[in-house]
Amino acid sequence: MQIRTRFAPSPTGMLHIGGVRTALYSWLYAKKLKGQFVLRIEDTDTERSTKEATQAILDSMEWLGLTYDEGPFYQTERMERYKEVIKQLLNSGKAYRCYCSKERLDDLRSKQLANKEKPCYDGLCRKHNPDDPNQPFVVRFKNPKDGAVTFNDQVHGTITFQNSELDDLIIARSDGTPTYNFCVVVDDMDMQITHVIRGSDHINNTPRQINILNALDYTPPIYAHVPMILGSDGKKLSKRHGAVSAMQFCDEGFLPEALLNYLVRLGWAYGDQEIFSITEMANLFDIKDINKAASMVNPEKLLWLNQHYMKTKKPEEIAKYLRPHLETLNIDTSNGPELTKVIAIQAERCHTLVEIAEKSRYFYQNVSSYEEKAQKHLKAEIAPVLTEIKTELQNLANWQASEIHTIINNNAGKLGLKLGKVAQPIRVAVTGGTVSPPIDITLELIGKEQVLVRLDKALTFIYNHASV
RNA sequence: GUCCCCAUCGUCUAGUGGUCCAGGACGCCACCCUUUCACGGUGAAAACACGGGUUCGACCCCCGUUGGGGACGCCA
């Protein structure tokens, strides 16, 4: 059997990591079984759907490399098809027109709630079957009255709903546009989706969709409901509850493979393995290994994974992702050390690309000031050593970390100082702060010319601030 | 309220009746390394929600309790 999965987000808000994970699982499953992955935009809610949100979905998929074999399909472009199926259902008596006013429905609902009942449409128009083409109406699906719907969920096992729990849902609004539960059914059918992998908040919709499918004489697909990802407050991820859009992770300097690796392990495991390349995921992933329980986001672990990928991937690769972040910080790398060399030395001390960019400014720009707490290293007593080191560096022909190290080390030794005592003032002089990679490498990368300029500047600073 | 789902360290998880006084990872703490910051290394603390069964034997199977989540829209 040819496997076909789909990701069907609605462009009514940002695409957050919960959505990204279901997309990833669907994508992985299709890849693993050499099937097809379809992207479908569920934009039937014209009130809330936006172009920006649609673009965000497309951008996220591209950034993450979740390529689709078909689509993107837009439900708004398939209206004729939905209307056709609605007519078919109406003609075969499997759906009916409902003229109940919103007021009556609201009233009904509040009464039911007050009686501690589950709010349900009472089927008034199903019984009376009025027909007045001059009045506004919605179309409701005639849900079976008795019996039960059972389906074999691939992550939860057998799930059963009594039909008595289900009411006659609206499949077409009074303006004639079809609603979600109906469009999903038609699309999954038309697009020959074999496996529906989606969030467990859709479990309750499944029996309704199966009933519609049955009314259409179509065999339902296989369902797999993946558990929710909860915000740190333990509630469903939403705009209000700490949900962060996928693209924000891009903006914050995360690598796609780090996010994907993080997400794949949230709710799925392959023994004790933590690190998975994309191809590895695709080979090892299986729906049966998805956990049942909801999970919470653990930002520290994502950070750890991001660092892992920053320091293990080829610097050339990282450079591609890093450049835009340097640009936003107005750091021009055309003059200065090769970016790949900076990455090689900075990745292990940073957690995000943004952090690398922020902490690498001094490789490409002169220091304009010294951090407050760094100034204590620029004291009169170290001026002589600094001057001596500067002279020796000036005469150094072979500008290399090892040579630089020898010079600094020798001078420290001559004065009986620990290396750190000498390294720290130099560090402040060339970086403006107290933190940097090893001093010899830092100097090598900054380059001879700039190092001498900055050493001079530091010396001037010391003379100007010498206490009397 | 009704229905549905879920329940192992703080978090993500391994575990499918005996090999578990429960393993890994992140984080946290301590120590080592050290030229600041890190990387790395070593080690420590840290969990089977509770109560009943079933069984020679339960983290694992069944029932219940409690707790959490989701759904109940002319949203998706």
Side-chain angles (χ1 to χ4, degrees), chain A residues 8-13 42-45 47-49 75 98 100 102 105-106 109 112-120 136-140 153 155-156 159-162 164-167 169-181 183-184 198-207 225 227-228 230 232 234-236 262 265-275 291-305 307 311 345-350 359 374 377 405 408-409 412 418-424 426-428 431 433-440 442:
Chain A
S10 70
T12 51
E42 310 222 322
D43 54 356
T44 50
D45 183 356
E47 297 277 298
R48 298 194 306 148
S49 294
Q75 291 187 323
C98 170
C100 291
K102 258 189 171 134
L105 261 20
D106 288 345
R109 190 188 325 282
Q112 286 165 330
L113 245 18
N115 283 336
K116 299 185 188 294
E117 287 166 16
K118 185 176 189 167
C120 270
F137 63 87
V138 298
V139 179
R140 286 184 187 271
D153 190 278
V155 352
H156 293 285
I159 298 178
T160 301
F161 285 84
Q162 295 303 316
S164 54
E165 291 294 329
L166 275 23
D167 64 355
L169 74 157
I170 293 173
I171 58 177
R173 302 179 178 93
S174 40
D175 65 0
T177 58
T179 59
Y180 165 74
N181 276 107
C183 297
V184 178
R198 69 207 331 183
S200 66
D201 48 342
H202 286 289
I203 289 181
N204 298 275
N205 291 324
T206 308
H225 288 96
M228 305 267 82
L230 307 175
S232 42
K235 294 272 191 284
K236 184 184 177 183
Y262 176 72
R265 279 288 283 104
L266 205 59
W268 174 83
Y270 184 74
D272 285 338
Q273 189 170 339
E274 295 287 352
I275 306 293
N291 281 123
K292 292 179 172 145
S295 48
M296 287 203 219
V297 177
N298 182 190
E300 287 79 25
K301 190 162 183 179
L302 207 209
L303 250 10
W304 171 75
L305 277 164
Q307 181 182 53
K311 62 184 199 199
I345 199 67
Q346 290 286 56
E348 67 186 27
R349 51 203 96 225
C350 296
K359 290 186 172 171
H377 292 286
H405 183 264
I408 297 174
N409 210 23
K418 293 228 333 190
L419 182 53
K421 274 281 178 205
V422 182
Q424 213 50 359
I426 300 176
R427 178 151 16 234
V428 175
T431 71
T434 56
V435 175
S436 89
I439 194 65
D440 46 7
T442 304

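If you're wondering where the values come from, they're calculated on a predicted model, not measured in any experiment. Residue numbers start from 1 in every chain, and the chains themselves are labelled A, B, ... in the order their sequence lines are given, proteins ahead of strands.
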Exercise for review: Look at all strands and tell whether A:N205 reaches a base, only sugar-phosphate, or nothing, counting heavy atoms closer than 4.0 Å.
Suggested key: base

Exercise for review: Name the residue closer to the 5' end of RNA chain B, choosing between A:R265 and A:D440 according to the nucleotide with the nearest heavy atom.
Suggested key: A:R265

Check your understanding: Base, sugar-phosphate alone, or nothing: which one does A:K118 contact when heavy atoms must sit under 4.0 Å apart?
Key -> base

Point to revise | Base partner of B:A49, which must satisfy Watson-Crick or wobble distances under 3.5 Å | key: B:U65

Review point. Reckon A:H225 touches a base, only the sugar-phosphate, or nothing at all at heavy-atom distances under 4.0 Å?
Key: nothing

**Study point:** Residue whose closest nucleotide on RNA chain B lies nearer the 5' end, A:Y180 versus A:L113
**Key:** A:L113

Exercise for review: Quick one: label A:L266 by what it contacts on the DNA or RNA (base, sugar-phosphate, nothing), any heavy atom closer than 4.0 Å.
Suggested key: sugar-phosphate

Practice item. Would you kindly give the CG-to-P distance between A:D201 and B:C4, to the nearest whole Å? Key: 17 Å

Check your understanding: Which part of the nucleic acid, if any, lies within reach of A:E42 when heavy atoms closer than 4.0 Å are counted: base, sugar-phosphate only, or nothing?
Key -> sugar-phosphate

Exercise for review: Report which part of the nucleic acid A:T44 touches: base, sugar-phosphate, or nothing (heavy-atom distance under 4.0 Å, all strands).
Suggested key: sugar-phosphate

Practice item. Examine distances only and state if a side-chain atom of A:Q424 and a backbone atom of A:T434 form a donor-acceptor pair shorter than 3.5 Å. Key: yes

Review point. Base, sugar-phosphate, or nothing for A:P437, non-hydrogen atoms under 4.0 angstrom?
Key: base

Practice item. Taking atom C1' in both B:C61 and B:A44, compute the distance separating them and give it to the nearest angstrom. Key: 36 Å

Review point. Would one find a side-chain N or O of A:K311 under 4.0 angstrom from OP1 or OP2 of B:G40?
Key: yes

Review point. Taking NZ from A:K301 and P from B:G27, how many angstroms apart are they, rounded to a whole number?
Key: 10 Å

**Study point:** Short side-chain to backbone donor-acceptor contact, A:D153 and A:H225, under 3.5 Å
**Key:** yes

**Study point:** C1'-based separation of B:C20 from B:C63 [nearest Å]
**Key:** 26 Å

Review point. Does B:C28 adopt a syn or an anti glycosidic conformation, taking syn as a chi angle within 90° of 0?
Key: anti

Revision key, fill the gap. Here the distance between atom P of B:A71 and atom CG of A:N204, to the nearest Å, is 8 Å

Point to revise | Nearest to side-chain heavy atoms of A:R109, which nucleotide of B:A38, B:C3, B:C74 | key: B:C74

Review point. Counting only N and O atoms by type, is there a donor-acceptor contact under 3.5 Å from the side chain of A:T12 to the main-chain atoms of A:R48?
Key: no

Review point. Base, sugar-phosphate, or nothing for A:E117, non-hydrogen atoms under 4.0 angstrom?
Key: base

Review point. At under 4.0 Å between heavy atoms, what does A:K421 touch on the DNA or RNA strands: base, sugar-phosphate, or nothing?
Key: nothing

Review point. Just how far, in rounded Å, is C1' of B:A76 from CG of A:D45?
Key: 7 Å

Check your understanding: Using atom P of each nucleotide, how far apart are B:A14 and B:C32 to the nearest Å?
Key -> 37 Å

Check your understanding: Looking only at atom C1', what distance separates B:A46 and B:C6, rounded to whole Å?
Key -> 23 Å

Practice item. Describe the nucleic acid contact of A:G433 in one word from base, sugar-phosphate, nothing, applying a heavy-atom distance below 4.0 Å. Key: nothing

